[in-house]
Amino acid sequence: MIDKNLPKTRNIGISAHIDSGKTTLSERILFYCDKIHKIEEVKGGGAGASMDHMELEKEKGITITSAATTVEWHGVDAKGITFAEGDQKEIKINLIDTPGHVDFTVEVERSLRVLDGAILVICSVAGVQSQSITVDRQMKRYRVPRMAFLNKMDRMGANPYNGVKALREKLNHNAVLMQLPIGAEENFKGCIDLIVMKAYFFDGDNGETVREEAIPAELMDQSVKAREEMLDVISAFDDAMMEDIIEGREVSEEAIHRAIHTGVNSLKFTPVFLGSAFKNKGVQLLLNAVARYLPSPVTSEKPKAIDSRTNTKIDLQPDQDLPLVCMAFKITDEQFGQLTYTRIYQGKLTKGDTLLNTRTKKRVRIGRIVRMNSNDRANIDWAGAGDIIAMIGVDCASGDTFVAEEGNVEFLSCEGMHVPIPVIELSIKAKDKEMQARMSKGLQRFIKEDPTFHLFTDEESGETRIAGMGELHLEIYVERLKREYKAEVEVGAPQVNYRETIRGEARLEYTHKKQTGGSGQFAKVAGKMRQLAPDRKEREDQVFRFVNEIKGGVIPNEFIPSCEKGFNDVMNKGPLAAFPVIDIEVFLQDGQYHDVDSSDLAFRIAARMALRDAIKNANPVLLEPIMKVEVETPQDYQGFVIGDLSSRRGVILGSESTDTGDAVINAHVPLSEMFGYATVLRSGTAGKAGYSMEFAKYEQCPSHVQEKVIVARKEKLAERAD
């Protein structure tokens, strides 16, 4: 049975480039849905926005960790603003506000993985920026229907037409304006709804009173033309509407809503709304659009689970009577135990239930369930399919699947999420033994919460190292160690995470023999290896692929997993400079075994030695992380910026001018050349330029750089050995 209230539920996220106004928009949504009674700003020295609950978030004015809340939207209480016929007037919205900075991109990944729809916030001045492209790629990866909101329409240089153009050209969206602005920049007053052809203004101290008026006469011709363009695009999703337009008949409001809903949910159409969250304009109309066009758990594309017995995908149904299947998508360790954010896909979760973790095969009793409002929580007794809640005191990892003990679902696992590779690392050391204990406790918590934060001990030096997505990413965790765990630590200089791979193909063969009296060790493996090309990858982040081509039982089946483990062992340390190896494809084709002397260990050693020798014969090369850098600068400093990026071995991808007269320069630059760039950029442009940076790809190092890195690495390893 599907809960009768489930069609009234929307699970949505708000995502965008940093400083586009996501958290400000979330704050207004909370206010207009009566979740809060006072609006706080992201920056300004007050209590801080509700969804930014960490002290570091309030200080820096950025979102570091995604925050979830649940609100109820009752529609706009104003004449003329109603939901379309058949729509639910009162809806429940499970909302997740995500970070905009690329260093915290995993927060966006795991949020979009469990959401049914999203709002892509675009700054109407800057348009589509680098992180907008990344967020859009993430939405497409998880097939999340989205709407666009052109924010900051009150800012100088705001231009909705440029925003729509950028959505079409840079993101390949079939994007169309649903509204036109009334007034521009500091004179922005309201919106014209092109569906009902009415003007809306937002009165009161916080824009809480929506006033409907006739469209100003001077904007009528422009509105009629824009409406025709809108209808022309959305009619592609409704044959009856297209017929009406061709025959010259009036198109009904209901038909327009139906066509937009179809287009959005097919991922082939992006309706564009506009407003100013900071100036409290346009948010209520956006919420109406969320209710009308984004899917509920009932109408969304069915989530998939993988049956480990057959390795096939099955659809999960939002039915409370079916066996429970839910996914832990985010975890945080707190004073009273782990807080596990969970999306329920199927069945019903009740306090006191005992669930099975399908990864660990461990059973766990659910003692407490809560509904989150940022950092606050309310106890609930149960939650059903389609809901997003949190469990307290459940020990698990991010991405784990929990199922009911009965119902033949113990073999199911929800599809995982994409986790980016860390590109930067640094050493970290506590000042004394007491601080060491505090530091260890904090680091263990962080690696459990954040899949992109890695912790390891260097084998040669014994020093503790942390790795992450960027300088800010690691800086935040070091600061959290000092604040939350009172751990005084010292950190080393940031270092680049290089990788190694091969450019050729090589045979692999090795025979492992060892006789020490009694039963010995014997194993022989043979095959080939080559570079793993993108078109042969089974998933986007795959770096090693094993293909078993053994025939005739020359290696018994029970030893095949040991061979794979042995091959995988070699991926941790390459032959050039002991960096991890990526993009290797290994084919196991032949071998020998002994009835007595062969064992799992013997085959693992043989596979390890065979691949290690083969890599040396396959033209190994060093790869360096290449960052996509976007710099926005006044035109006067454009020459300096381009020259400086070029001197850093950067490849200029292009530049364009904004409406405000600034230049936006895009480039690919090696990460090793970007340390300290913020200081150089500020001094070279009188503090007027800004930049953003995200990982783009791994690329082969130039020969002189490779030689330099290898020499430096060998010297460092030699020092540690001494």
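Hydrogens, waters and symmetry mates play no part in the numbers below; they use all other heavy atoms, side chains included. Position 1 is the first residue of the sequence; numbering continues from there.
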Before giving the answer on salt bridge (charged side-chain N to carboxylate O under 4.0 Å, His left out), spell out for Glu405 and Arg363 the whole-Å C-alpha distance, their side-chain angles and the decisive distance to 0.1 Å. CA-CA 8 Å; Glu405 288 190 289; Arg363 285 167 171 75; 2.6 Å; yes
Does the Ser308 side chain pair with the main chain of Phe411, one donor and one acceptor, at a distance under 3.5 Å? yes
In sequence, state the C-alpha distance, the side-chain angles, and the governing distance for Ser413 and Thr358, and then conclude on side chain to side chain donor-acceptor pair (under 3.5 Å). CA-CA 7 Å; Ser413 294; Thr358 60; 3.3 Å; yes
Parallel, tilted or perpendicular: which one describes the rings of His257 and Tyr293, with boundaries at 30° and 60°? tilted
Hey, what do you get for CD1 (Ile388) to OG1 (Thr70), rounding to the nearest 0.5 Å? 8.0 Å
Sub-4.5 Å side-chain heavy-atom contact between Asn94 and Ile12: no
Within the supplied structure, the quantity of interest is the number of heavy atoms (other residues, nucleotides, ligands) at a distance under 6.0 Å from Asn379 CG; does it exceed 12? yes
Start with the C-alpha distance between Ser20 and Gln131, add both sets of side-chain angles, then the distance that settles side chain to side chain donor-acceptor pair (under 3.5 Å), and finish with yes or no. CA-CA 10 Å; Ser20 294; Gln131 187 65 2; over 6 Å; no
Please answer whether the main-chain N or O of Ile14 pairs with a side-chain N or O of Thr98 as donor and acceptor at a distance below 3.5 Å. yes
Walk me through whether Leu120 and Met139 qualify under side-chain contact (heavy atoms from CB on, under 4.5 Å). CA-CA 9 Å; Leu120 176 60; Met139 290 180 181; 4.1 Å; yes
Kindly indicate whether the side chain of Asn373, heavy atoms from C-beta on, has any atom under 4.5 Å from the side chain of Lys35. yes
Do Leu412 and Thr401 have side chains that approach each other closer than 4.5 Å (heavy atoms only, starting at C-beta)? no
Which residue in the set Gln138, His418, Glu694 passes side chain to side chain contact (heavy atoms under 4.5 Å, CB included) when paired with Thr105? Gln138
The reported gap from CG in Leu95 to CG in Leu30 (rounded to nearest 0.5 angstrom) is 7.0 Å
Any side-chain to backbone donor/acceptor pair from Asn206 onto Glu208? Under 3.5 Å, distance only. no
Over 60° means perpendicular and under 30° means parallel, so classify the ring planes of Tyr477 and Phe446, tilted if in between. tilted
Side chain to side chain, Lys361 and Asn357, heavy atoms closer than 4.5 Å: no
Audit row: Ser398, Phe329, side-chain contact (heavy atoms from CB on, under 4.5 Å) steps and yes/no: CA-CA 5 Å; Ser398 180; Phe329 66 92; 5.5 Å; no
Please check if the number of heavy atoms outside Lys362 that lie under 6.0 Å from its NZ is greater than 12. no
I'd like to know if the side chain of Tyr485 pairs up with that of Arg445 as donor and acceptor (distance under 3.5 Å, no hydrogens or angles considered). yes
Around atom NZ of Lys268, are there more than 12 heavy atoms of other residues, nucleotides or ligands at under 6.0 Å? no
Distance in Å, Leu112 CG paired with Ser15 OG, rounded so as to fall on 0.5 Å steps: 4.5 Å
Just so I know, are the side chains of Ile380 and Val370 near enough to count as touching, which here means a heavy-atom distance under 4.5 Å? no
Could you check whether Thr457 and Thr464, counting side-chain N and O atoms only, form a donor-acceptor pair closer than 3.5 Å? no
Any side-chain heavy atom of Lys92 within less than 4.5 Å of one from Arg10? no
Using only heavy-atom distances, determine whether the side chains of Arg28 and Asn280 contain a donor-acceptor pair under 3.5 Å. yes
Evaluation steps, salt bridge (charged side-chain N to carboxylate O under 4.0 Å, His left out), between Asp387 and Arg343: CA-CA 6 Å; Asp387 214 345; Arg343 166 70 193 259; over 6 Å; no
Run the numbers on Glu109 and Tyr142 for side chain to side chain donor-acceptor pair (under 3.5 Å), then give the verdict. CA-CA 9 Å; Glu109 287 282 352; Tyr142 300 112; 2.6 Å; yes
Tell me whether the centres of the aromatic rings in Phe273 and Phe149 are closer together than 6.0 Å. no
Can any side-chain N or O of Thr299 pair as donor or acceptor with the backbone N or O of Pro295 at less than 3.5 Å? no
Kindly determine whether Asp315 and Lys304 satisfy salt bridge (charged side-chain N to carboxylate O under 4.0 Å, His left out), including the steps that lead there. CA-CA 5 Å; Asp315 289 341; Lys304 309 285 185 184; 2.5 Å; yes
Does the Lys NZ or Arg CZ of Lys348 fall within the cation-pi geometry relative to Trp382 - under 6.0 Å from the ring centre and within 45° of the axis? yes
Between the side chain of Gln346 and the main-chain N/O of Gln317, is any donor-acceptor distance below 3.5 Å? yes
Please verify the inter-ring angle class for Phe453 with His473; under 30° counts as parallel, over 60° as perpendicular, anything in between as tilted. perpendicular
Do other residues, nucleotides or ligands put more than 12 heavy atoms under 6.0 Å from Lys313 NZ? no
Backbone of Gly468 reached by a side-chain donor or acceptor of Glu425 within 3.5 Å: no
Test item: side-chain donor near acceptor, His74 and Asp34, under 3.5 Å: no
Heavy atoms, side chains only, cut-off 4.5 Å: are Asn151 and Ile122 in contact? no
Decide yes or no on salt bridge (charged side-chain N to carboxylate O under 4.0 Å, His left out) for Arg258 and Asp238, but give the supporting numbers first. CA-CA 8 Å; Arg258 185 173 62 243; Asp238 191 299; 3.1 Å; yes
Go through Arg438 and Lys486 one step at a time and tell me if the side-chain contact (heavy atoms from CB on, under 4.5 Å) criterion holds. CA-CA 7 Å; Arg438 295 179 183 178; Lys486 309 300 181 189; 3.4 Å; yes
Side-chain donor/acceptor of Gln542 to backbone N/O of Glu538, under 3.5 Å: yes
Counting distance only, does the side-chain N/O of Gln338 pair as donor-acceptor with the main-chain N or O of Val394 below 3.5 Å? yes
State the CG-CD1 distance between Leu339 and Ile392, to the nearest 0.5 angstrom. 5.5 Å
Under the side-chain hydrogen bond (donor to acceptor under 3.5 Å, both in side chains) test, which residues partner Asn408, sequence neighbours left out? none
To the nearest 0.5 Å, atom CG of Leu443 lies from atom NZ of Lys448 at 14.5 Å
What's the separation between atom CG in Asp381 and atom OG1 in Thr350, rounded to the nearest 0.5 Å? 8.5 Å
Is it true that, when you exclude Phe278 itself, more than 12 heavy atoms of the residues, nucleotides or ligands shown sit nearer than 6.0 Å to its CZ? no
side-chain contact (heavy atoms from CB on, under 4.5 Å), that's the test. Do Thr342 and Lys330 meet it? Break it down for me. CA-CA 7 Å; Thr342 307; Lys330 172 182 166 69; over 6 Å; no
pair Val283-Tyr32: side-chain heavy atoms closer than 4.5 Å: yes
Tell me which one of Val403, Val409, Ile344 satisfies side chain to side chain contact (heavy atoms under 4.5 Å, CB included) with Leu324. Ile344
